[in-house]
Amino acid sequence: MKKRVVTKKQTRQPNKHKTTETAERYTQRNARSSMQSAPQFRSYANERQSPQGMRAAKSSPSGMQRTGTRKKAAKTVSGDIRERHKRNLRKRRRNRNILRSLFLLIVLGITVFALVFMTPIFNITSVNLVKTNTQADGSEFLDGQAVIDAAAITVGENMFKTDLKFSKKQIENLPYADNVVVKRKLFPKPHIEIRVGESERFAQIQEMNQYVCIDKNMKVLEFDTVPFENVVTVKEINIVKSEISKKLEIDESDKFDIIRVYMYELKENDLLKSVSYISYDTSSRKIIFDYGDKLTVEIVDSLNYKRNLLHLKRVLEQEMDKNAVGTIEISVDGYAVYKP
């Protein structure tokens, strides 16, 4: 039998040539890889800076967020600038309009002033008087020429330089002048129109040796030593002061007010023209007056005075004889009693 010879296993040694070749290949491969990766990084940076790269960056979520924020900020800043610019333009335009308007107003004012006060276009050509009323019996006590003279208006003077308030006050100082109106009129020619009413003789009061005639507003119209015709005499009234064209000053003004109320109502019922005197008795609270110089009427003062006077009118016109003489008493509730 042959002996089996056991030999020591030999370790395989690498081929030096092959190892060197592999290392060189690995080194070359790494170099190529590095050379290829560098241009890629540079191209990526260039792409980020180029428009295409920016669009690509925007397409990514993070790039879109950053770009959107920048856009909003840019829009906000540009919007504020535009709005500020618009406001400034509007302000400058408004200031120009104000200055232009002021200039036009000044020019217009100077023109109007020159036309009104420095030219004869508005000089007064005439003074016209219009009477609005006279006395109840048709008589007139207000002289038209006296009114024009009192107005002190000069024909030929500029109508806007004339003091109409002064003219009105001067006319109102006339005894019988009432409801005075003074106006400028441009057509048909520049003139002044005076409209004036005539105060009506309402009552007369005896003062010492004379009679004082007044209108419904207690304005003193006239004095006379004899009673005025067709004017009611108010009795038992004490005068404190009387002056032409001024309000009469008396004692017991409340008493006269009551008499005046009844006089108004008698006039409304067409009875005052037949009354020659009237008075008020404070103790009995009666209004006393005559009617037709034949009858004496006594009415107890009350809140129903209008109804009582209507009843008196019916009695006088329908129940009393025209030639009857005596006294008619009207109670508070309007009941009439005749005493011959």
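Predicted, not measured: the structure shown is a model, and the values here were computed from it. No hydrogens, no waters, no symmetry mates; every other heavy atom, side chains included, goes into these values.
- Leu186 and Ile121 end up in the same hydrophobic cluster when Ile, Leu, Val, Met, Phe, Trp and Tyr side chains are linked at under 4.5 Å.
- Here Leu309 contributes atom CG and Ile330 contributes atom CD1; the two are 8.5 Å apart, rounded to the nearest 0.5 Å.
- With a 4.5 Å cut-off on side-chain heavy atoms, Thr132 and Val196 do not count as touching.
- Closest of all the heavy-atom pairs between Val180 and Lys168 is O-CE, 3.2 Å.
- Heavy atoms only, all atoms of each residue included: Leu248 and Lys241 are closest at CD1-O, 3.5 Å.
- The distance from atom NZ of Lys246 to atom CG of Asn173, rounded to the nearest 0.5 Å, is 6.0 Å.
- Lys235 places none of its side-chain heavy atoms less than 4.5 Å from the side chain of Gln206.
- The ring-ring contact (aromatic ring centres under 6.0 Å, His included) analysis of residues 308-340, with sequence neighbours excluded, yields no pairs.
- For residues 188-225, every residue pair satisfying the ring-ring contact (aromatic ring centres under 6.0 Å, His included) rule, not counting sequence neighbours, is listed here: Phe202-Tyr264.
- In this model, a donor atom of one side chain and an acceptor atom of the other lie less than 3.5 Å apart for Glu207 and Ser242.
- A salt bridge links Glu222 with Arg201: the distance from a Lys NZ or Arg NE/NH1/NH2 to an Asp or Glu carboxylate oxygen falls below 4.0 Å.
- The CZ atom of Phe160 sits 11.0 Å away from atom CG of Asn123, with the distance rounded to the nearest 0.5 Å.
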Check the pair Ile258 / Ile287 against side-chain contact (heavy atoms from CB on, under 4.5 Å), numbers first and verdict last. CA-CA 9 Å; Ile258 296 173; Ile287 290 289; 4.0 Å; yes
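- Side-chain atoms of Asn304 and Ser302 include no donor-acceptor pair closer than 3.5 Å.
- Screening residues 247-258 for side chain to side chain donor-acceptor pair (under 3.5 Å) gives Asp257-Arg260 as the qualifying pairs, with residues at least two apart or on separate chains.
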Can Glu265 and Arg307 be said to form a salt bridge (Lys or Arg N to Asp or Glu O under 4.0 Å), step by step? CA-CA 10 Å; Glu265 198 61 32; Arg307 186 191 63 185; over 6 Å; no
I'd like to know whether Lys306 forms a salt bridge (Lys or Arg N to Asp or Glu O under 4.0 Å) with Glu268, so could you lay out the CA-CA distance, the side-chain angles of the two residues, the decisive distance to 0.1 Å, and finally the verdict. CA-CA 10 Å; Lys306 290 187 177 182; Glu268 288 293 323; over 6 Å; no
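- Note: the hydrophobic cluster containing Tyr176 also contains Leu129 (ILVMFWY, side chain heavy atoms under 4.5 Å, direct or indirect links).
- Under the 4.5 Å side-chain criterion, counting only non-hydrogen atoms from C-beta, Glu298 is in contact with Thr327.
- Rounding to the nearest 0.5 Å gives a distance of 10.0 Å between CD1 of Ile288 and CD1 of Ile259.
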With side-chain hydrogen bond (donor to acceptor under 3.5 Å, both in side chains) as the criterion, how do Thr296 and Asp290 come out once you've worked through the C-alpha distance, each side chain's angles and the decisive distance to 0.1 Å? CA-CA 4 Å; Thr296 300; Asp290 73 315; over 6 Å; no
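- Tyr291 and Met263 fall within the same hydrophobic cluster, where Ile, Leu, Val, Met, Phe, Trp and Tyr residues are linked whenever their side-chain heavy atoms come under 4.5 Å apart, directly or through other members.
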Determine, stepwise, if the pair Glu193 / Arg184 fulfils salt bridge (Lys or Arg N to Asp or Glu O under 4.0 Å). CA-CA 6 Å; Glu193 182 181 88; Arg184 299 180 179 91; over 6 Å; no
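- Donor-acceptor pairing under 3.5 Å is recorded for the side chains of Gln204 and Thr233.
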side-chain hydrogen bond (donor to acceptor under 3.5 Å, both in side chains) for Arg100 and Asn97? Distances and angles first, verdict last. CA-CA 5 Å; Arg100 190 181 297 112; Asn97 292 336; 2.9 Å; yes
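- For Thr134 against Ser139, the heavy-atom pair with the smallest separation is CB-O, 3.7 Å.
- Note on Val155 and Ile153: same hydrophobic cluster, where clusters join Ile, Leu, Val, Met, Phe, Trp and Tyr whose side-chain heavy atoms are under 4.5 Å apart, directly or indirectly.
- Not counting sequence neighbours, Tyr280 has no partner by the ring pair (Phe, Tyr, Trp, His ring centres under 6.0 Å) test.
- Partners of Tyr305 according to the ring pair (Phe, Tyr, Trp, His ring centres under 6.0 Å) rule, which considers only residues two or more places apart in sequence or in another chain, are Tyr262.
- Both Val261 and Ile205 are members of a single hydrophobic cluster when ILVMFWY side chains are connected at heavy-atom separations under 4.5 Å.
- Legend: residues meeting ring pair (Phe, Tyr, Trp, His ring centres under 6.0 Å) with Tyr277, ordered by chain and number and at least two apart, are absent.
- Salt bridge status for Lys339 with Glu329: present, with a side-chain N to carboxylate O gap under 4.0 Å.
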